[in-house]
Every structure is written in C-alpha cells, then in structure tokens.
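Some notes on the structure that comes next.
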Number of protein chains: 2
Amino acid sequence: MTTHYLEDFAVGQIFRAGPVRIGEIEIKRFANTFDPQPFHLDDDEAKSSFFRGLAASGWHTAAITMRLLLESDLRPAGGIIGAGFDELRWPRPVRPDDELRIEAEVREVIPSRSKPEQGMIKLQTTTLNQNDEPVQVSVGNLVVLRKIAAR
Amino acid sequence: MTTHYLEDFAVGQIFRAGPVRIGEIEIKRFANTFDPQPFHLDDDEAKSSFFRGLAASGWHTAAITMRLLLESDLRPAGGIIGAGFDELRWPRPVRPDDELRIEAEVREVIPSRSKPEQGMIKLQTTTLNQNDEPVQVSVGNLVVLRKIAAR
C-alpha cells in the first residue's frame, strides 16, 4: 500500500480495479439528485428514449470510475488530483446490474518545468462492463508529487 | 418551456442557470460515496493538502453543473445527451458554501451526415462561483434531434 511519486510512474503501466455492480436503485437515486431526465429515472419512458431503456447518467459512471481509481494500486503521493481531461466519452450506456471495472494506463509522465516538487501523469482510463465493452473512456492529467517533495 | 431542435440553436447563444449553494455536508456526503480522499472529507487534513482546505470533488462540481444545465433554457428535444467532452477542467477548488452558476455558450451546430434526424451542438459550459471565478470549464458535444424527427 505504498504511494507512488512521479519517479515511480512509467509509460505503459496499467492499473486495474473492480468489478463493482451498479444497481437500478442507485442509478435512479443519483439521477434524481443530479441528472433528473426520464431515461435515467423511469423504465417505461426510457424505452422510447435515445437510450432504448434505463441508463445510468454519464456523471454517475464517471463518479464510480473515480472510486475505482482510488481502489486501484495507482496511489499517487498526495492523492488523485485531476487537473483536467483532454477527453471524456461514453461509447455505450451503463444498464442496471452492469458490473464495471477499470483499466488505467499511464500514457505520459511529465515533470513540471516551473514547480520542481511536482509533475503530471497523463492517464487513459477505460471503464468496461461485464462483456468487456467500454462504457467510458477518459484521458486525464493528474498532478503527482516528486520525491523531492517528500524530503 | 418549449424544447429546442437542432434548427433552433445558433452559435453564440448563451444559456444560464443558478446560483445554487453547495454545503459542507453535501460535499462530504458525495466524497464519501465516490471520492473518499482526505481533502474532500476532513477539514484538518485538507489544510495540509494540495487544496489548502476542504474542497468539493471535481465530479461533484460536474454533477451539479449537469443539474444546472437541466434547469437552464437549453432544453434540447430528446433531453441533454452528452456524447462526450473535448475538454473538462477545474481551474480552482469549490469550497463549502460557494454559490455556483453556469454560463453555457453554443460554439458549433453540426447536422449529422449519416443520420438526417439528428445532429450535435458543441457547448462550452463555464461554472462560476460567487466571485465570478471559473471553477469548471467544459466543452461538450450534445446529441440533438432535428425537426424532421418530430414529424
């Protein structure tokens, strides 16, 4: 359970977590609070919608992905701090009782020019369902401390 | 409260909603479920973190932004359906008792070549705090129905 400094990360490393099941009640509860649209709330109305059935809010999938990333061995020193995303997309809907897992791959390791105690890693995180189909793909930039910061 | 088809959108239109207050209990509850890191959960530990004080999870800000977008006059026919984002970033932390509002600007209106009944709008959404400082900036692509789909 050690934490990782910028120097510990290398391009091509893959971190995994999950699966975790997403239930119908949970989908509706999240939607009720943050994304109250018929296709996230009501089975019948969802059938005639773009999604052709009840689907989780993309923001719910994103939030679950965050929790899975925290459960993985990524463990950057200082915590998982997202500066922002270059890409975030939902190629297919998440359905009630889907089992979600993540695969996060380090794509770049970038020391900061102006701040010697920190850097960034570019992480591509794919969230997959029980059929190994991607339901979310993101490319994010995380702030990571360098070892010098721990001295 | 009419809904808008692709033909009703034009580059430069701006949609607004909010403000809405985000409380400390709400910040900690969201973090506890989806982003359980000390700087989102514990005031004391947050002080010595990257954020120098309790801050909301970026995914919480994103979810609140979604809710505000639904409260705005955007109202695309068929609902707000995000295909994905070209950009999503959090330029500064959201603090307990911040009052958040959004300004969403239509940047592009793109009819689909393959699907005559739909198209996309590219929407830049800025979430601002009570000091008019941006706390989130996103550029997203929404699926929007064309009028032909309603016939």
Side-chain angles (χ1 to χ4, degrees), chain A residues 20 26 29-41 45-46 48-51 55 57-71 75-93 115 117-118 136-145 149, chain B residues 20 26 29-41 45-46 48-51 55 57-71 75-93 115 117-118 136-145 149:
Chain A
V20 65
E26 199 185 341
R29 192 189 299 136
F30 185 98
N32 199 50
T33 307
F34 295 115
D35 195 349
Q37 303 196 77
F39 38 70
H40 300 319
L41 286 170
E45 291 198 61
S48 59
S49 77
F50 179 84
F51 293 106
S57 169
W59 300 110
H60 194 177
T61 306
I64 288 172
T65 298
M66 179 69 208
R67 194 176 62 206
L68 287 170
L69 216 48
L70 286 167
E71 289 171 8
R75 303 185 188 283
I80 299 185
I81 299 168
F85 285 78
D86 299 340
E87 188 184 330
L88 172 63
R89 56 193 172 82
W90 299 291
R92 60 178 58 68
K115 295 177 182 168
E117 75 287 0
Q118 70 182 53
Q136 181 181 294
V137 178
S138 69
V139 178
N141 300 295
L142 304 182
V143 178
V144 181
L145 295 178
Chain B
V20 64
E26 199 185 341
R29 192 189 298 136
F30 186 99
N32 198 53
T33 307
F34 295 115
D35 194 351
Q37 302 196 78
F39 38 72
H40 300 319
L41 287 170
E45 291 197 62
S48 59
S49 77
F50 179 84
F51 293 105
S57 169
W59 299 109
H60 194 177
T61 305
I64 289 172
T65 298
M66 179 69 208
R67 195 176 61 207
L68 287 169
L69 215 47
L70 285 167
E71 290 172 7
R75 303 184 186 284
I80 300 185
I81 298 167
F85 285 79
D86 299 340
E87 188 184 330
L88 172 64
R89 57 194 171 82
W90 299 291
R92 58 178 60 67
K115 296 177 182 169
E117 75 287 0
Q118 71 181 54
Q136 180 181 294
V137 179
S138 70
V139 179
N141 300 296
L142 304 182
V143 179
V144 181
L145 295 177

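In this text, all values refer to a predicted model and were calculated from it rather than measured experimentally.
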Original post:
Do A/Leu145 and B/Phe50 come close enough that some side-chain heavy atom pair is under 4.5 Å?
Top reply: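 Result no, sub-4.5 Å side-chain heavy-atom pair not found.
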Original post:
Does A/Met66 reach the side chain of B/Gln37, with side-chain heavy atoms less than 4.5 Å apart?
Top reply: yes
Subject >> Set of residues satisfying salt bridge (Lys or Arg N to Asp or Glu O under 4.0 Å) with respect to B/Glu71, sequence neighbours excluded >> reply: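 With sequence neighbours excluded, B/Glu71 shows a salt bridge (Lys or Arg N to Asp or Glu O under 4.0 Å) to no residue whatsoever.
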**OP:** Using the test salt bridge (Lys or Arg N to Asp or Glu O under 4.0 Å), find all partners of A/Arg67 that sit at least two apart in sequence or belong to another chain.
**Re:**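 In terms of salt bridge (Lys or Arg N to Asp or Glu O under 4.0 Å), with neighbours along the sequence ignored, A/Arg67 is linked to no residue.
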Original post:
Looking at A/Leu70 and B/Phe34, what are the two nearest heavy atoms and their distance?
Top reply: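 Smallest heavy-atom distance, with atoms named: CD1-O, 4.3 Å.
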Subject >> Part of B/Asp86 within contact of chain A (heavy atom distance under 4.5 Å) >> reply: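 Just the backbone, heavy atoms under 4.5 Å.
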Original post:
Which bit of B/Ala63 is near chain A, if near means a heavy-atom gap under 4.5 Å: side chain, backbone, both or neither?
Top reply: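 Backbone plus side chain of B/Ala63, per the 4.5 Å heavy-atom cut-off to chain A.
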Subject >> Between OG on residue B/Ser138 and CG on residue A/Leu88, distance to nearest 0.5 Å >> reply: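 One finds 9.5 Å between OG of B/Ser138 and CG of A/Leu88.
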**OP:** Look up atom OG1 in B/Thr65 and atom CG in A/Asp35, then write down how far apart they are to the nearest 0.5 Å.
**Re:**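 Atom-to-atom, B/Thr65:OG1 and A/Asp35:CG are 12.0 Å apart.
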Subject >> Choice from B/Val139, B/Leu68, B/Val137, B/Thr33 maximising heavy atom contacts with chain A below 4.5 Å >> reply: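 Top option by heavy-atom pairs under 4.5 Å: B/Thr33.
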Tell me, for [X] versus chain B, whether the close heavy atoms (under 4.5 Å) come from the side chain, the backbone, both or neither.
| X | result |
| --- | --- |
| A/Gln136 | neither |
| A/Leu69 | neither |
| A/Pro36 | both |

Subject >> Within the 6.0 Å centroid threshold, strictly below: B/Trp59 and A/Phe85 >> reply: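 Yes.
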